[in-house]
Amino acid sequence: MIVIETVHIDQMWLVFLIPMLPLLAFLVAVFLKNKDFAALFSTVVSAAVFFVAVEVIISHYGSALYYSMPWFTVGKFTYNVGILLDKLSLVMIGVVSLIALLVNVFSLEYMKHDEAKGRYFSFLGLFAFSMYGIVLSSNLFLTFVFWELVGFSSYLLIGFWFQNEEPPKASFKAFIVNRVGDAGFLIGLFVVFVFFHSFELPYLWNEFSEFGKPDASIGISKGWLMVMGLGLFLGAMGKSAQFPLQTWLPDAMAGPTPVSALIHAATMVAAGVFMLVRVFPLLSIPVLDVIAIIGALTAFMGAFAAFSQNDIKKVLAFSTVSQLGYMVMSIGVGSPDAAFFHLVTHAFFKASLFLCAGSVIHYLHHENDPQNMYKMGGLRKYIPFTFIAYTISMLALCGLPFFSGYFSKEAILSGVLEWITYSSMGGIGWKVLVPLFAFISVFMTAAYMGRQYFLVFFGKPKWTARKQKESWYVAIPILLLASLSFWFVYSLSPFHADTFLLEILRYKGSVGSEHLINPVILGMVSSSLAILGLFVSYLLFYKKKAQHFLNKIHELLGGLSASNWYLDGVHSILIVQPVMKLRMYVSHFDRKYVDGLVNGIGVLNVVVSQILGWFDKYMVDGVIKLITVISGNLGNVARSFQNGRIQMYFVWAVLGIVLVLIVLF
Amino acid sequence: MIENHLLSLLIFIPLIAGVVLLFIPETSSGLYKWITLGTLVVELILTLILLSGFDASQAGIGNESLQFVEKMDWINLSIGSTSAISIQYYLGVDGLSISMVLLSAIVLLIGVISSWNIKENLKGYFSLYLILTASVFGCFLALDFFLFFLFFEFMLLPMYFLIGLWGGVRREYASIKFYLYTLVGSIFILIVMIALSISVITPDPEIDIHSFDLMLMMDNANFIPDSVLSISSSDTLLGLSYRLWAFLFVLIGFAIKLPAVPIHTWLPDAHVEAPTPISVVLAGILLKIGGYGFYRIAYSIFPEGAYYFGWWIGLFGIIAIIYGALVAMAQSDLKRLIAYSSVSHMGFVMLGLAAITTQSISGSIFQMFSHGLISVALFLITGVIYDRTKDREISNYSGLAAAMPYFTVIVLITFFASLGLPGFSGFIAEFLVLAGAFDGAMSSEVIAIFMPIVGVLGLVLGAAYFLWTLQRMFFGKYWIKNEEWTLPDLTTREYIMFVPLVVMIFAFGIFPGLILDLSNETIMSFVEFVQEQGKQNMTLILENTK
Amino acid sequence: MIPIEHYLLFSAALFILGLLIAIVKQNAMMVLVGIELILNAANINFVAFSQNDPNLSGQMFSLFVIVVAVAESAVALAIIYKVYQHYSTSDLDEVNQLNG
Amino acid sequence: MGVTNQVLTEKLNEVFGGVAHLLPELCLVSGALVILILELVLKKDTWKLKTGLSVVFIALAFGSLFIVESSGLLFGSVLIADELSFTFQVIFLFTFLISMIFPSQKWELRKMGEYHFLIFCLVLGAFLMVKSKNLLIFYLALELISISSYILTSIGFNKKGFEAGIKYLLFGALASGVMLYGMSLLYGLSGSLDLLVILSGQMDGQLHLIAVFLLVVGVLFKLSLVPMHIWTPDVYEAAPVSVVAVFSVIPKLAALVFLFRTVSFISDDSVQIMVVQIISWLAVISMFIGNLGAIWQNNAKRMMAYSSIAHAGFLVIGVIVQSEFGLQSVIFYSVVYSLMNLGVFYLIACMEKNDLYQITDYRGVGKIIPVVGISMVVFMISLTGLPPTGGFSAKFLLFSALWSTYETSQLSFLLWLFIFGLINTVIALFYYLKIPYMSIFKTQIKQSVPNITLKNKIVLALISFLILVLFFKADLLFDLTNKYSFVFSILP
Amino acid sequence: MDSITEISLNAIAFYFLAGMSISSGLMILFSKNIVRSIFLLVVVFLGVAGIYMISNAEFVAVTQVLVYVGGILILLMFGIMLTNRIEGQALSVNHKRFLPAVLVGGLLFYILVTSITGDANFHQFNPKTEIPGDITSGFSNTQVIGINLMTNQILALEVTAVLLLVALVGAAFIVGNKLKPEE
């Protein structure tokens with residue numbers, strides 16, 4: 001257990017620079033109209049942030065520092081702004097700042113000719129600011145603030161090419177789906193607020209001396225604890241694209257590719273996982289079970305959907321969904337450390353893969369359909385650096401030995417197996433699905449990645465060749481990122497992860513810590529699954545074997561896969577359409593009934609239009625109408641005594657008198 | 001010297017300026033707007049002086065919390081030799097009203113700037129505007145019920161004419177509708193005012209001096225012991241004690257102004273037909289008077305009503321949030337959409353109020369302030385488009401971002417501020433309301449737990465209609481229905497309106513303490529008062545009317 | 001002596017007769033006739049009651065009523081005459097330009 | 001016989017001792033006669049002279065009001081002179097005065113001596129009515145007002161005027177016949193013509209209540225309260241505008257005072273409550289009929305007729321309340337009501353001068369002539385009863401009085417009256433706002449600018465100003481009435 | 001008044017006159033002939049005058065005959081002459097609204113009759129003296145009226161004078177005015 005040390009601002013000022021510098025870059029880019037300068041400045045800032053981050057990591061690694069100051073006070077409750085600098089956030093900062101820097105460099109080339117380059121780099125700055133905010137924030141409220149801001153900057157970046165049809169829709173969808181998640185996050189926060197009266201993470205951890213079980217003095221019931229956990233998880237589901245909220249992520253590929261690399265592969269989507277790791281002690285067992293099954297399901301669904309995508313980026317997007325599912329599942333099974341480890345390794349190789357895809361697209365951007373894999377082929381000769389980086393990253397993703405993915409996947413799988421062993425003592429139930437999905441996904445990951453690999457880089461070019469070399473701005477970032485997927489970065493032994501990354505958490509997994517399964521055997525099993533996957537794809541897509549079989553499968557499941565399990569349709573039927581209908585009903589109701597309370601009376605009344613003519617003949621309206629109709633009619637009644645015949649007046653008057661006399665008795 | 005009469009100055013400067021305008025000949029009509037602008041600038045400066053002199057740490061509710069008090073006898077009606085009615089000129093600010101005063105000064109100033117391109121009958125327009133200004137300030141500053149009612153009612157007339165004379169196609173209909181609805185509301189309030197003034201007497205042994213002093217009305221001891229509104233009364237009407245009826249009446253009266261859902265239909269019409277600056281004032285301030293009335297009158301005088309009707313208030317708040325959002329989503333007219341978004345946002349005010357916790361009530365007041373600023377920006381946005389094309393159909397535009405990039409930036413920021421993005425004031429407000437409501441639902445059970453949860457859903461819906469509009473109107477390929485429309489980007493004048501607004505929305509989102517601290521102490525006392533007094537009164541009433 | 005109730009019943013009958021005549025007859029003069037009957041009914045009451053009143057206030061009152069009735073009839077006649085000049089009828093139902 | 005003679009002499013002295021107290025009435029009579037004689041002597045069109053003379057006699061009457069000792073019972077207790085009657089006499093004279101300075105019309109009434117004569121007699125009748133304590137005097141006062149009114153209605157000498165005149169006359173005759181019948185029964189039941197004696201005695205039996213109500217019917221006729229309101233629109237529409245202005249104020253308020261006395265004299269509480277209850281329901285119905293009937297009117301005067309029916313409903317609240325507060329309030333209301341009505345009719349007169357008769361004719365007038373527009377708004381807002389006008393203060397005070405009586409008595413019909421009364425304010429807004437709506441929002445059809453003289457503008461502005469003052473310093477007037485603790489002390 | 005059975009001359013006269021008056025009234029109501037109605041009205045007035053006579057109200061009775069029969073009736077006849085074109089046929093009047101008239105009239109009559117015959121308390125009719133009894137004692141009814149007119153009711157008398165003047169001037173003014181305003 002590492003003691004959290006409350007420190008003074010003087011010790012932390014450097015840390016403040018990390019979010020503030022990108023914000024500065026954002027402001028500079030907004031207010032200076034020189035877009036080239038903005039791009040340059042942004043890159044310089046990214047570099048500076050990276051170096052600051054390195055400096056911070058070096059100077060603070062190993063300790064846990066906490067700084068907090070009041071933001072605003074309502075009643076007696078103070079909302080704080082604070083920084084929590086422990087190993088987790090330090091590593092995360094390192095990862096984010098590095099990838100951000102590399103993506104920035106990559107973007108210099110990628111976005112070179114874009115008119116709105118300044119805007120692009122300013123958004124990147126905004127995003128970085130928000131992301132660092134999430135990472136560094138010491139309390140859940142502040143986390144939520146940046147959480148939403150990340151969503152916002154993601155909205156901006158996805159919709160960057162707003163003149164086109166797709167990006168605005170995709171960004172709209174991304175934000176709304178994220179909002180649904182955020183709604184859950186908010187509810188979780190409310191429960192935290194009501195029962196713990198604090199959002200501070202160190203405080204909250206203290207209240208949970210045992211994982212998932214708060215101290216009795218809190219007085220929170222199991223039900224509310226679960227609501228809290230599920231709420232927070234719903235937030236993570238939105239950001240980390242977990243079932244059933246994963247639909248936005250593939251669409252988000254409408255944004256510029258470097259953005260996909262940074263945001264939709266490495267950082268933002270990982271924020272959900274990061275947050276779950278942060279609040280892991282607060283999650284009770286039922287919540288974790290839900291998390292595990294959702295994660296496993298997502299991992300499987302994503303992998304399945306990745307199969308029949310033709311768009312190079314969509315494959316990677318679904319792959320991301322799948323891998324995020326992995327991480328979430330890992331948290332659910334009680335191995336947050338493994339999840340975080342996978343987050344880091346995945347961040348590097350997936351960013352690299354996206355940048356490779358970006359490089360491919362950039363290379364082919366004069367083509368008609370530059371993202372369609374079936375129109376590529378043979379690219380290995382034309383963009384060799386990309387090919388190399390892609391190969392490395394892909395192998396890492398597949399989880400083959402000598403690459404980082406092997407470690408992290410192995411850690412997760414072992415966690416899953418431990419969990420299933422531990423929790424299936426009372427008989428095996430649905431929980432068995434979790435390891436099942438986990439292992440199938442290993443195979444599938446390798447298979448769809450192989451498909452992409454062979455379709456893109458092998459075979460005959462289906463595009464018109466041109467002389468164009470990879471720019472160093474492209475090559476260096478992808479190679480650097482790819483190189484971070486080698487085993488030696490993490491561990492000396494290529495087969496056994498003995499890395500500090502698995503030690504960074506203050507807490508270990510909640511489930512037993514001894515290895516029930518020999519890591520070597522597990523590694524062999526998973527590697528063979530991956531190799532099998534690669535082999536199958538080699539046969540199918542390189543050797544073009546068993547095409548008949550492939551077509552059959554495609555016929556059978558292609559639709560399901562290509563449409564991501566028809567999730568969009570399901571959402572549309574279950575949510576979008578009802579809401580759209582509801583709004584029409586309610587609006588109709590508003591117009592007709594609330595506003596036109598009296599329409600019914602009005603229709604019955606032949607003289608309605610004549611009566612209403614006084615103000616406006618054609619008003620279709622409301623309570624006013626009620627009053628006008630009623631009072632108008634009554635008015636006519638009142639006037640009808642006045643028919644101008646004096647003797648009728650007598651009758652009315654006497655009648656009035658008689659009535660009063662009758663009342664008198 | 002100036003400190004002693006600061007509040008009076010706030011009211012009378014615009015009033016005098018409005019009258020002075022009437023005597024300036026039409027030949028120098030260019031002067032009108034400058035005089036109005038000058039007056040509003042002075043108002044803002046005075047408000048800032050007021051803020052600088054305001055001691056936010058002064059705790060308490062009722063008399064002890066008041067500052068800058070001005071109190072003198074105004075109308076003294078002696079009835080026979082045994083009693084009298086005393087109407088006072090009684091002004092003061094406390095934490096409940098100070099932020100509203102600031103909001104008024106800001107919004108009204110921006111309103112003037114957006115009135116710059118009013119073309120016809122300038123004299124009438126600007127003098128009515130100044131009179132409206134005076135009554136708005138009066139409404140927030142008055143502490144005598146009669147005085148408050150005077151300003152409350154008096155606001156209607158200028159508004160009626162401003163909508164009816166300078167409005168859109170169906171302006172006459174909209175203006176009369178606005179007038180009638182609000183009048184119905186004020187009749188409800190008037191009924192209670194009369195009943196209260198008869199029941200409440202100044203603690204003076206000599207003769208019964210019936211008073212309209214809102215502060216006196218907060219103390220049960222000042223009620224004539226057996227009057228029907230006193231806490232000891234055992235009289236009921238249809239099984240409900242008179243105090244609860246009175247609470248309900250005041251509530252309905254102000255709910256019309258707010259507006260709450262079944263009685264909101266004046267709002268879209270009034271907004272759609274009103275000229276932009278008037279929509280701005282209407283949404284920015286006038287709706288807030290409804291909310292302010294809840295605090296100042298309904299909750300302060302009849303705290304037990306907060307308990308008795310709290311559940312229903314919360315429910316109607318929730319209905320407003322969801323209903324407003326759904327209806328907004330179905331609108332094809334941008335201004336109507338925004339008008340309904342106001343309905344939705346004001347639902348938060350009701351929800352926050354119903355929960356009676358410090359968080360929720362602070363949030364609700366902050367929501368009024370923040371919505372004041374945001375809705376102003378929203379209506380100015382519709383004004384920008386309407387000024388250029390005289391058309392507000394959402395479907396007639398697409399891809400405006402290409403033609404008006406800077407405008408789009410403003411729209412983007414405003415929309416996101418409105419849907420509650422952190423960093424903008426709306427988020428803090430809505431978070432506080434919902435968190436407080438959650439707390440309230442858990443601890444005091446005045447409102448049900450589903451309410452804040454449904455309220456959170458409202459946030460999603462809010463995001464949906466704003467972003468959908470953004471997507472439809474501003475993104476995509478540039479296309480407008482009528483080729484002849486020209487859509488130049490923002491003018492300098494428009495920048496002058498938008499930039500400070502956006503800066504403020506942003507600043508109050510980053511530093512909510514600027515506003516929250518002003519009212520924090522008062523609200524703590526207020527909540528304590530409502531909770532304690534409310535429960536106490538409730539039990540007394542239930543006992544007495546058994 | 002005749003019981004006072006009989007006076008009252010008589011006057012009530014006359015009162016109602018007058019009322020009916022005033023309502024039913026179309027001619028303006030006949031309406032006046034009806035009204036005179038009503039006044040007579042009141043007078044009968046006055047006279048009947050003043051039998052027991054040494055001051056004879058009732059009788060006094062009935063005298064004034066008779067005088068006022070004359071004055072009223074005179075004015076009525078004048079106006080009816082003018083109405084007739086303008087409308088060429090004394091049928092009251094046809095004199096109804098003013099209504100609503 | 002000697003003894004008898006002596007007693008008679010004493011009696012005569014006592015009776016004639018009261019003559020001095022009738023100085024204001026004498027001024028009115030002499031004014032009437034002087035102008036009548038002048039009319040016979042002078043044949044020329046001397047309307048300014050006649051008007052001047054009228055004003056002089058009004059001034060004399062006004063002065064003498066202050067000279068004579070105004071308290072006590074006069075003429076063998078057939079009259080009560082007190083502050084109440086004094087106040088209303090002042091209001092009547094003021095109204096009379098304003099009606100004399102109405103803008104001159106094409107058909108100028110003031111050139112006819114008979115017009116002055118009749119109004120003098122009408123005011124005389126009203127003077128007597130507010131003082132009367134005796135049924136006979138009340139009857140004669142009522143008839144004096146009525147007969148003058150019948151002729152005044154027809155004084156326009158047009159078709160509609162005569163039609164309205166005959167309708168008014170026949171209806172009035174019927175009403176006074178019914179009232180007389182009630183009076184005769186009352187006389188029989190109590191043996192006296194003195195109102196106080198009649199009403200302070202024991203009341204039992206249906207017939208007694210019927211008789212009281214039939215008496216009230218005659219009052220309601222003058223007050224134009226339901227069910228005796230039907231004549232009002234026709235008469236208001238047809239009569240010349242200055243005459244209507246007088247009609248809408250003087251007879252109505254005179255009847256109100258008499259009704260107030262009647263109700264306050266009733267000593268039997270249960271009977272009083274019963275009568276008050278009947279009146280309050282009638283008041284509610286009047287408000288509704290008046291306000292609803294007014295909605296679709298296009299003729300300004302006809303609309304004001306309905307408005308006056310509704311206002312009658314409000315005025316009788318003062319009678320219903322039966323408290324000091326209520327009395328003070330109803331006096332306040334009466335003053336404000338007279339001002340508002342005079343203002344509105346003055347405005348209508350200005351419009352009629354320019355051949356604008358219908359409300360739709362007023363289009364754009366307020367826009368062109370701001371004084372007209374503003375005063376229209378002030379009058380209409382005041383009639384509706386909204387701040388910041390005297391109309392609001394008046395309604396507010398009246399309803400406060402009503403509420404305070406309700407609080408002490410807990411009679412439920414008072415609460416309904418309270419609520420319905422306030423609801424009616426909203427309905428009233430519909431049509432009152434129509435006038436400023438037309439004149440300010442709509443654009444003019446005729447191109448010519450209506451001719452409104454400076455004098456007209458000044459009068460309009462002055463009345464508007466007074467109405468506003470009655471809001472901002474309501475105590476100026478209200479406190480004047482504070483010393484009137486008389487009415488209840490006169491009761492035995 | 002317990003002597004209903006005591007049939008005196010007065011009583012016979014009363015019931016005869018009352019019956020005559022009411023039946024004439026009914027005939028007026030149902031007759032469409034105006035002239036006949038007017039003459040029947042004379043009968044009613046005379047009948048009422050007769051009742052005054054037997055009720056110790058000689059002065060009123062005489063006034064009734066003089067003013068009504070002599071004055072009002074003539075006025076009415078004049079009115080009818082002036083306002084009806086006489087072209088040979090009998091002057092007739094239409095009847096309308098019979099049903100509503102009978103309805104409200106009947107109701108009112110019912111109410112009046114039930115209350116008169118009900119609990120009305122006339123037997124304790126005990127007039128409060130307004131002049132000391134010794135003044136009127138020993139005078140005839142007509143004399144009492146005279147004294148009253150000059151003392152108690154002097155004001156009423158004066159007001160009536162004004163009222164008659166108003167009616168006179170007014171009637172003459174209305175009929176005799178030569179001014180012709182435009183319609």
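Below, read A as the first sequence line, B as the second, and so on, with proteins coming before strands; counting in each chain starts at 1.
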A.B. asks: Could you tell me which residues satisfy ring pair (Phe, Tyr, Trp, His ring centres under 6.0 Å) with C:F10, sequence neighbours excluded, listed by chain and number?
C.D. replies: none
A.B. asks: Can you check whether E:T117 reaches C:L8 side chain to side chain, under 4.5 Å on heavy atoms?
C.D. replies: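 They are not in contact (no side-chain heavy atoms under 4.5 Å apart), so the answer is no.
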A.B. asks: In terms of heavy-atom proximity below 4.5 Å to chain E, should C:I80 be classed as side chain, backbone, both, or neither?
C.D. replies: both
A.B. asks: State which residue, out of E:I22, E:I116, E:L112, fulfils the side-chain contact (heavy atoms from CB on, under 4.5 Å) condition with C:L9.
C.D. replies: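 Output: one option passes, namely E:I116.
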A.B. asks: Looking at every non-hydrogen atom in both residues, tell me the closest pair between C:A12 and E:F109 and how far apart they are.
C.D. replies: C-CE1, 3.8 Å
A.B. asks: If we define contacts as heavy-atom pairs under 4.5 Å, which of C:D91, C:V83, C:N43 has the most with chain E?
C.D. replies: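 Option with the greatest count: C:N43.
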A.B. asks: For C:L77, is it the side chain, the backbone, both or neither that has a heavy atom under 4.5 Å from a heavy atom of chain E?
C.D. replies: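 Only the side chain of C:L77 comes within 4.5 Å of chain E.
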A.B. asks: E:Q64 and C:N40: side-chain hydrogen bond (donor to acceptor under 3.5 Å, both in side chains), yes or no, with the steps?
C.D. replies: CA-CA 9 Å; E:Q64 166 93 355; C:N40 265 286; 2.8 Å; yes
A.B. asks: Can you tell which of E:L73, E:L40, E:L76, E:I80 makes a side-chain contact (heavy atoms from CB on, under 4.5 Å) with C:V33?
C.D. replies: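 It is E:L76; the other options fail the test.
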A.B. asks: If you count heavy-atom pairs within less than 4.5 Å of chain E, which of C:L37, C:V75, C:V47 leads?
C.D. replies: C:V47
A.B. asks: Please round to the nearest 0.5 Å and tell me the distance separating atom CG of E:N56 and atom OG of C:S50.
C.D. replies: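 The OG atom of C:S50 is 8.5 Å from CG of E:N56, to the nearest 0.5 Å.
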A.B. asks: Rounded to the nearest 0.5 Å, what separates atom CD1 in E:I72 from atom OG in C:S73?
C.D. replies: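 Output value for this atom pair is 4.5 Å.
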A.B. asks: Are E:V44 and C:L17 close enough, and set up right, to give a side-chain contact (heavy atoms from CB on, under 4.5 Å), and what steps lead you there?
C.D. replies: CA-CA 11 Å; E:V44 178; C:L17 271 177; over 6 Å; no
A.B. asks: What's the separation between atom CZ in E:F78 and atom CE in C:M29, rounded to the nearest 0.5 Å?
C.D. replies: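 Interatomic distance, E:F78 CZ to C:M29 CE, rounded to 0.5 Å: 11.5 Å.
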A.B. asks: Out of C:I79, C:V67, C:I66, return the one with the most heavy atom pairs under 4.5 angstrom to chain E.
C.D. replies: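 Counting heavy-atom pairs under 4.5 Å, the top option is C:I66.
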A.B. asks: Which heavy atom of E:R97 sits nearest a heavy atom of C:Q26, and at what distance?
C.D. replies: NH2-OE1, 2.9 Å
A.B. asks: Pick one of side chain, backbone, both or neither for E:L75, based on which atoms fall under 4.5 Å of a heavy atom in chain C.
C.D. replies: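 Both backbone and side chain of E:L75 come within 4.5 Å of chain C.
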A.B. asks: Heavy atoms only: give me the nearest C:A78-E:I174 pair and the separation to one decimal.
C.D. replies: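 For C:A78 versus E:I174, the nearest heavy atoms are O-CG2, 3.9 Å.
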A.B. asks: Measuring heavy-atom distances to chain C, does E:L26 have an atom under 4.5 Å in its side chain, in its backbone, in both, or in neither?
C.D. replies: both
A.B. asks: Heavy-atom pairs under 4.5 Å with chain C - which of E:P100, E:A156, E:G19 has more of them than the others?
C.D. replies: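 Result: the option with the highest number of such pairs is E:A156.
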A.B. asks: Do you know which two heavy atoms are closest between E:S55 and C:Y7, and how far apart they sit?
C.D. replies: OG-OH, 2.5 Å
A.B. asks: Around atom CZ of E:F59, are there more than 12 heavy atoms from other residues, nucleotides or ligands closer than 6.0 Å?
C.D. replies: no
A.B. asks: With a 4.5 angstrom heavy-atom cut-off, could you sort out which part of C:Y81 is near chain E: side chain, backbone, both or neither?
C.D. replies: both
A.B. asks: Counting heavy atoms not belonging to E:M77, are there more than 12 under 6.0 Å from its CE?
C.D. replies: yes
A.B. asks: Nearest 0.5 Å, what's the CD1-CG distance between C:I23 and E:L103?
C.D. replies: 10.5 Å
A.B. asks: Using non-hydrogen atoms only, which part of C:I44 is less than 4.5 Å away from chain E: side chain, backbone, both, or neither?
C.D. replies: both
A.B. asks: Evaluate the side-chain proximity of E:Y68 to C:L39: yes if any heavy-atom separation is below 4.5 Å, no if none is.
C.D. replies: yes
A.B. asks: What part of E:V166 is in contact with chain C, defined as an atom under 4.5 angstrom from a non-hydrogen atom: side chain, backbone, both or neither?
C.D. replies: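 For E:V166, neither part sits under 4.5 Å from chain C.
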A.B. asks: Check whether C:A48 gets within reach of chain E through its side chain, its backbone, both or neither, counting any heavy atom under 4.5 Å.
C.D. replies: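 Neither part, no heavy atoms under 4.5 Å.
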A.B. asks: With rounding to the nearest 0.5 Å, note down the distance linking CG in C:L63 to CG in E:L157.
C.D. replies: 10.5 Å
A.B. asks: E:Y52: which residues meet the ring pair (Phe, Tyr, Trp, His ring centres under 6.0 Å) condition with it, sequence neighbours left out?
C.D. replies: none
A.B. asks: Answer with side chain, backbone, both or neither: which region of C:I21 has an atom nearer than 4.5 Å to a non-hydrogen atom of chain E?
C.D. replies: both
A.B. asks: Looking at E:L149, E:I54, E:V104, which one has more heavy-atom pairs under 4.5 Å with chain C than the rest?
C.D. replies: E:L149
A.B. asks: Any side-chain heavy atom of E:V48 within less than 4.5 Å of one from C:L14?
C.D. replies: yes
A.B. asks: Between C:F64, C:F46, C:F15, which has the largest tally of heavy atom pairs under 4.5 Å with chain E?
C.D. replies: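 The candidate making the most pairs under 4.5 Å is C:F64.
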A.B. asks: Yes or no on side-chain contact (heavy atoms from CB on, under 4.5 Å) for E:V102 and C:V24, after CA distance, side-chain angles and deciding distance?
C.D. replies: CA-CA 9 Å; E:V102 170; C:V24 166; over 6 Å; no
A.B. asks: Over all heavy atoms of both residues, which pair between E:A167 and C:A71 is shortest? Give the atoms and the distance, please.
C.D. replies: CB-CB, 3.5 Å
A.B. asks: Measure distances from E:I38 to the heavy atoms of chain C and classify the residue's part below 4.5 Å as side chain, backbone, both or neither.
C.D. replies: side chain
A.B. asks: Using a 4.5 Å cut-off on heavy atoms from C-beta on, say whether the side chain of C:N27 contacts that of E:I34.
C.D. replies: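 Yes, close enough: below the 4.5 Å cut-off.
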A.B. asks: Under a 4.5 Å heavy-atom cutoff, which of C:M30, C:E36, C:K25 has the most pairs with chain E?
C.D. replies: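 The option with the most such pairs is C:K25.
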A.B. asks: Let me know if C:A69 has heavy atoms under 4.5 Å from chain E in its side chain, its backbone, both or neither.
C.D. replies: both
A.B. asks: Among the options C:L19, C:V68, C:V70, pick out the one with the most heavy-atom pairs lying under 4.5 Å from chain E.
C.D. replies: C:V70
A.B. asks: Between C:Q59 and E:I145, what is the shortest heavy-atom contact and its length?
C.D. replies: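 Distance-wise, the nearest heavy atoms are OE1-CD1, 3.3 Å.
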A.B. asks: How many angstroms lie between CG in C:L20 and CZ in E:F98, if you round to the nearest 0.5 Å?
C.D. replies: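 If we round to the nearest 0.5 Å, C:L20:CG and E:F98:CZ are 7.5 Å apart.
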